[in-house]
Amino acid sequence: MAKHTDIARVLAEQKTGEKIEVKGWVRAFRANRFIALNDGSGANNLQVVVDFEQFDESVIKGISFHSCIAVSGTLVESQGSGQAVELQADTIEILGGNDLEKYPLQPKRQTMEFLRENAHFRMRTNTFSSVFRLRHALAFAVHSFFNEEGFYYMHTPIITGSDAEGAGEMFQVTTLDVKDSPKTDEGQVDYSQDFFGKATNLTVSGQLQAEIGALAMGKVYTFGPTFRAENSNTSRHLAEFWMIEPEVAFADLKDNMDLAEAFVKYLINYVLDKYMDDLNILDARIQQEEKNMKAELRRPMGLIETLRFVVDNEFARITYTEAINLLRSSKPYKKGRFEYDVEWGVDLQAEHERWLVEKKFQKPVIVTDYPKDIKAFYMRMNDDGKTVAAMDILFPGIGEVVGGSQREERLNVLMDRMTEMDVHHDELDWYLDLRRFGGNKHAGFGLGFERIVQFITGMTNIRDVIAFPRTPGSAEF
RNA sequence: GCCUCAGUAGCUCAGCUGGUUAGAGCGGCGGACUGUUAAUCCGUAGGUCGUAGGUUCGAGCCCUACCUGAGGCGCCA
């Protein structure tokens with residue numbers, strides 16, 4: 001390891017009088033004297049003070065925006081008001097110069113779209129380095145929470161041979177020559193000659209495999225990449241995203257809701273506790289951005305205020321049927337403001353969810369017990385025969401962040417539901433075996449990692465909380 | 001996949017009912033500046049107006065198609 005010190009550590013310890021070396025990227029060089037240096041270790045810059053007469057002109061010229069430098073010197077108390085300590089430079093080495101005539105980024109406000117096109121440089125900006133530190137922190141907190149709760153982390157397969165998961169369009173995985181694939185007698189592609197001897201896809205969910213884990217290990221969770229080949233063009237969808245799927249034996253829907261709520265609050269508390277510098281940067285960014293917006297388009301609360309509000313209040317919990325009744329007696333419904341009708345048996349539209357979350361309750365809302373016909377085959381049938389023990393958690397601005405259910409553990413009921421929904425029994429025989437041999441009730445949910453990162457960072461487009469977004473028509477970098 | 005909007009300098013934008021040589025701020029480059037905080041000041045270069053057609057005496061501006069991006073919707077996490 002190099003002998004240099006992380007800037008985050010220098011700023012935290014403030015050991016003035018010590019000789020240190022730091023390495024990082026120049027954020028600004030002011031008055032031929034002050035370098036704002038950042039190495040990504042934290043949100044704050046270290047101010048380096050340069051006596052330019054002591055340095056070669058080529059060195060001074062090399063200190064430019066986002067050039068990479070090493071500085072050694074003495075940490076001293078700062079005379080300026082913007083920082084407590086600063087580094088008085090003895091030596092400066094230009095590790096990587098920067099040709100500003102060709103470099104796309106500039107020390108000014110730039111659009112998210114432009115930075116997305118330059119995703120190989122955007123992590124050097126305040127906003128994105130904060131977003132990606134928080135992304136790391138949240139990923140770490142996911143494991144921390146489940147570990148503390150006695151869950152086991154389970155790696156479910158990325159390549160799946162099952163096409164019965166029913167969670168959306170899949171990306172096919174094959175080593176066959178797509179231009180000249182072997183054919184069966186019927187003229188279809190002969191997948192028996194493919195790498196796995198059958199047709200395979202990228203996973204759309206690890207849930208069914210996680211159920212195997214839960215019915216042996218008690219409490220498990222998955223956290224891995226997930227792939228959906230849907231042509232979704234929104235600020236909340238990615239073709240490749242990361243999903244967290246806990247699965248718990250002996251749990252019912254209520255336990256499931258309690259777990260999901262505690263989990264989300266743990267994640268938020270974790271970063272409120274440890275990453276306030278980054279949250280402050282993002283909070284200030286949003287305030288700046290909303291300055292010129294009409295009042296009705298602004299967030300009702302600041303970012304940090306919103307996060308505190310979410311952890312300090314119980315999530316609203318209502319059934320689908322109650323949601324329908326609330327919507328039907330709502331002002332926009334009576335005035336005909338909804339584009340889509342509100343009718344029992346039809347899934348809630350985005351405008352309905354927004355009304356519930358942003359107008360009626362103004363906090364996260366858990367909607368439970370949806371009609372069986374709009375939910376997946378594996379969800380447990382309720383006694384009314386019309387609804388299933390499903391739950392969705394809806395967040396302001398983002399919509400569905402969590403989707404889960406108590407699973408159907410009764411073999412005959414499950415088989416009837418599969419028949420009803422045209423899911424072939426033979427393809428999921430192993431799944432049925434879990435009910436045949438030592439089964440019990442269990443429940444779980446899926447949480448879209450990027451969506452919770454979006455909520456916590458206040459980024460409005462999901463493409464800005466993953467380093468290299470994959471969306472329809474776009475797989476750059 | 002559907003609907004709407006946008007594309008003018010490196011970036012962010014202005015450009016009147018179609019009318020001479022297309023503007024600004026920031027950034028770049030050259031210079032000044034030893035307590036700055038998106039530093040400041042002086043000077044300077046930089047444009048096939050997304051692409052291809054069309055209408056017109058004349059198109060950055062009007063029309064058509066396509067490309068790219070954004071917002072909304074659907075599908076979902």
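Order of the sequence lines fixes the chain letters, A, B, ..., with proteins taken first and strands second; residue numbering starts at 1 for each chain. What you see is a predicted model; the values in this text were computed from it and never measured.
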From the options [options], select the nucleotide whose nearest atom is closest to the side chain of [X].
| X | options | value |
| --- | --- | --- |
| A:Q83 | B:C29, B:C75, B:U36 | B:U36 |
| A:D51 | B:C26, B:U36, B:U34 | B:U34 |
| A:A31 | B:A70, B:U36, B:C11 | B:U36 |
| A:K61 | B:G31, B:C11, B:G74 | B:G31 |
| A:Q47 | B:U37, B:G27, B:C73 | B:U37 |
| A:F34 | B:G74, B:G35, B:A77 | B:G35 |
| A:S81 | B:U37, B:A70, B:G1 | B:U37 |
| A:E53 | B:G74, B:U34, B:G10 | B:U34 |
| A:R228 | B:C76, B:U36, B:U34 | B:C76 |
| A:E400 | B:G69, B:C11, B:A77 | B:A77 |

Is [X] close enough to [N] that one of its side-chain N or O atoms is under 4.0 Å from OP1 or OP2 there?
| X | N | value |
| --- | --- | --- |
| A:R116 | B:A70 | yes |
| A:S232 | B:C75 | no |
| A:N461 | B:G71 | yes |

Original post:
In whole angstrom, what separates A:Y340's OH from B:C2's P?
Top reply: 14 Å
**OP:** Report the base-pairing partner of B:C5 (Watson-Crick or G-U wobble, both distances below 3.5 angstrom), or none.
**Re:** B:G69
Are the ring centres of [X] and [Y] closer than 6.0 Å?
| X | Y | answer |
| --- | --- | --- |
| A:F361 | A:F315 | no |
| A:F121 | A:Y103 | yes |
| A:Y153 | A:F223 | no |
| A:Y333 | A:H352 | no |

Original post:
Heavy atoms under 4.0 Å, any strand shown: does A:Q288 hit a base, just sugar-phosphate, or nothing?
Top reply: nothing
